[in-house]
Amino acid sequence: MSDIRLYNTLSRSLEPFEPTEPGRVRMYVCGMTVYDYCHIGHARAMMSFDVVYRWLLEKGWDVTYVRNHTDVDDKIIARATELGEDPLALSQRFIEYLDTDLARLGLRQPDVEPRVSTHIPQIIAMVQALVDRGHAYATGDVADGQDVWFAVESYADYGALSGKKLGDLRAGERVAVDDRKRHPGDFALWKGAKPGEVSWDSPWGKGRPGWHIECSVMSTEHLGHSFDIHGGGIDLIFPHHENEIAQSECASDHHPFARYWMHNGHLTLVDDDGSPIKMSKSLGNAIRIRDLLDEVPADALRIVYLESHYRSPLPFSRARLMDAVGSAERIYLAREVLETIAAHEPAGPAHQVAADLGGDAQELYDRVQAFPAAFAAAMNEDFNTSNALSELFELTRAVNRFGNHKKWWKRSSALARDALRCFDLSGRVLGIGGQDSEQFFNTLTDTLLKKGGLTRDVVEELIDAREAARGAKDWGRADELRDELDNLGVVVMDGAEGTRWRMRSA
RNA sequence: GGCGACGUACCCAAGUGGUUCAAGGGGCGGGAUUGCAAAUCCUGUAUUCACCGGUUCGAAUCCGGUCGUCGCCUCCA
């Protein structure tokens, strides 16, 4: 009995999640059409399902996660023609960029990342099955390459996922209806090749797959006929996922195609004052994930994504991103305290330490004890990362409260180690707070120094000079130097063990 | 025209019938701490959940209507 509840687009309600086989989950997510760089919107979709994957793994389940690359498509062909590049070489190039970017963002690699171009025989077989079963028909001459269409009227449940009725669709409103089709809603399973296009031999002559068939074929190929979770962006509900269902259910006698359908909401770009900005390639303002990762740590970007629920629309702004950098710093500052304390030799078990010290120590202990269950409760409820994150923030505050009692540090190792395990849990599931703080701050500092055109040496020289002035109690000179550092974006922190510094992130 | 989502404080945002349910983060005000700062902690910031009706002992949460924003209706994460 699973304790996860998830929102199933099919029923438009929260449902208890019960995999077909207990402890075994098969999930398929529609990936990207690879003809350009991955932007922040794509990344939201990948991120949403990355967290689903991670949480299922955290539960100890055996998960097979399949996310495809669409490497044969009209837009790829168009782009390749434009660049004078082979379409498959072009898509290969962008797949490599995508892998790099997603790895930097801290996404786990799916178990299988199938491509259309390597599944052509299986696609042909499914199209043939649909023709044989009377759900598809070919038009044109084999010599020129026939088109094969799916006949939507042959599938009684067409529209069940999207809630659309065939008669209600405004055929021809946006895209001219192809008069070779029997019904305006019919869609291409196989497209006859135009001269010069990438194509494969088939019973219908030279051609290539239509858009939707690939996901039906690749999910079935790698997960079997009826699998547990199918995900993708909300925009894919219709027609893509609707068509996938129609094809898959008609091509075999296995039902249902996928049992739970999950869709992530869209990210929209907004100005710092909240007014929407249209993000489109034609405006050239699609924000690439790799550009952002040159500026901010992955944890910060993950905070932006995960502080709202995956199904909600997400207004993205620079201001919000910068806020998230601050949040990430706060989390890692607390983690740093814990790491420092944990480095001491344990002086008794955590519960003993807490009982002896009482107050903020006991409160931290209690929160640490409660953390895994609270975190799990949030994640189990339709992957409520926002609530899971708020648990992490509350833990962070408890750590800081505790950390303010410096005299406790030496004997609290066991307690700190337990607390660190909570941060590690968050790191495993959300990808937030799980790194060593030193690694986090080094990366952040390097990034910001580079952005400000500075080096550590320059900063440290000024810091040393200020330290000398402070040692001489020359407060005027010390403050002067601090202002100078401040102008460079360097924030100084005077502590009992000396002065530390960090780069101001916003 | 059809289908669907959303509207919670200055901003982001969780919460979808009742035990502090108005979380959490940011901002802003006050305080502790600090040589002064930064960071951190404490504290104040929505008697109220777009608006109007209704159901109910009880609603931000359910129903109806109004206004507003957005998505889809064969390119889309």
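A, B, ... follow the sequence lines: proteins, then strands. Residue 1 opens every chain.
One finds the CZ atom of A:Arg504 at 11.0 Å from the CD atom of A:Glu329 (value rounded to the nearest 0.5 Å). Annotation: the span from A:Lys164 atom NZ to A:Glu242 atom CD amounts to 9.0 Å, rounded to 0.5 Å.
Among the heavy atoms of the strands, none lies under 4.0 Å from A:Ile234. Counting non-hydrogen atoms under 4.0 angstrom, A:Arg500 reaches nothing in the nucleic acid. Within 4.0 Å of A:Gly159, counting heavy atoms only, lies no atom of the nucleic acid at all. Residue contacts for A:Arg466: at a heavy-atom cut-off of 4.0 Å it reaches a base atom on one of the strands shown. Among the heavy atoms of the strands lying under 4.0 Å from A:Ser162 are primed sugar atoms or P, OP1, OP2 only; no base atom is included. Using a 4.0 Å heavy-atom cutoff across all strands shown, A:Asp486 reaches no nucleic acid atom at all. Contact annotation for A:Val492: base contact, defined as any heavy-atom pair under 4.0 Å involving a base atom.
With sequence neighbours excluded, no residue forms a salt bridge (Lys or Arg N to Asp or Glu O under 4.0 Å) with A:Lys75. In this structure A:Arg180 satisfies the side-chain contact (heavy atoms from CB on, under 4.5 Å) test together with A:Thr139, A:Asp147, A:Trp149, A:Asp178, sequence neighbours excluded. Remark: A:Phe440 pairs with A:Tyr332 by the ring pair (Phe, Tyr, Trp, His ring centres under 6.0 Å) rule, at least two apart or across chains.
Below 30°, between 30° and 60°, or above 60°: for A:Tyr158 and A:Phe187 the angle between ring planes is below 30°, a parallel geometry.
The side-chain ring of A:Phe393 is not stacked on the base of B:G25, judged by centre separation under 5.5 angstrom and plane angle under 30 degrees.
Judged purely by atom type and a 3.5 angstrom limit, A:Tyr305 uses its side chain to pair as donor or acceptor with the backbone of A:Ile40. In terms of modelled atom types and a separation under 3.5 Å, the side chain of A:Glu197 and the main chain of A:Ile77 share no donor-acceptor contact.
For the segment residues 296-311 of chain A, residues with any heavy atom less than 4.0 angstrom from an atom of RNA chain B are, sorted by number, A:Glu307, A:Ser308, A:His309. Proximity of residues 95-103 of chain A to RNA chain B (heavy atom under 4.0 angstrom from any strand atom) is not detected for any residue.
The cationic group of A:Arg182 lies under 6.0 Å from the six-membered ring centre of A:Tyr137 and within 45° of the ring axis, placing it in a cation-pi geometry. In this structure, A:Arg311 is positioned above the aromatic face of A:Tyr7, its NZ or CZ under 6.0 Å from the six-membered ring centre and within 45° of the axis.
The side chain of A:Ser312 places an N or O atom within less than 4.0 Å of a non-bridging phosphate oxygen (OP1 or OP2) of B:A14. Contact annotation: A:Arg401 side-chain N/O to B:C42 OP1/OP2 distance is under 4.0 Å. For A:Arg397, a side-chain nitrogen or oxygen approaches OP1 or OP2 of B:C42 to under 4.0 Å. The phosphate of B:G25 has OP1 or OP2 within less than 4.0 Å of a side-chain N or O from A:Arg330. Taking only side-chain nitrogens and oxygens, A:Asn400 comes nearer than 4.0 Å to OP1 or OP2 of B:C41. Remark: A:Asn243 is not in phosphate contact with B:U74, judged by side-chain N or O atoms under 4.0 Å from OP1 or OP2.
The local environment of CD in A:Glu460 is crowded, with over 12 non-hydrogen atoms from other residues, nucleotides or ligands closer than 6.0 Å.
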Worksheet, complete the sentence: Given Watson-Crick and G-U pairs under 3.5 Å, RNA chain B in dot-bracket ([ ] crossing, | other strand) is ((((((((.[[[..)..(.....]]]((((((.......))))))....[[[[[..)....]]]]])))))))....
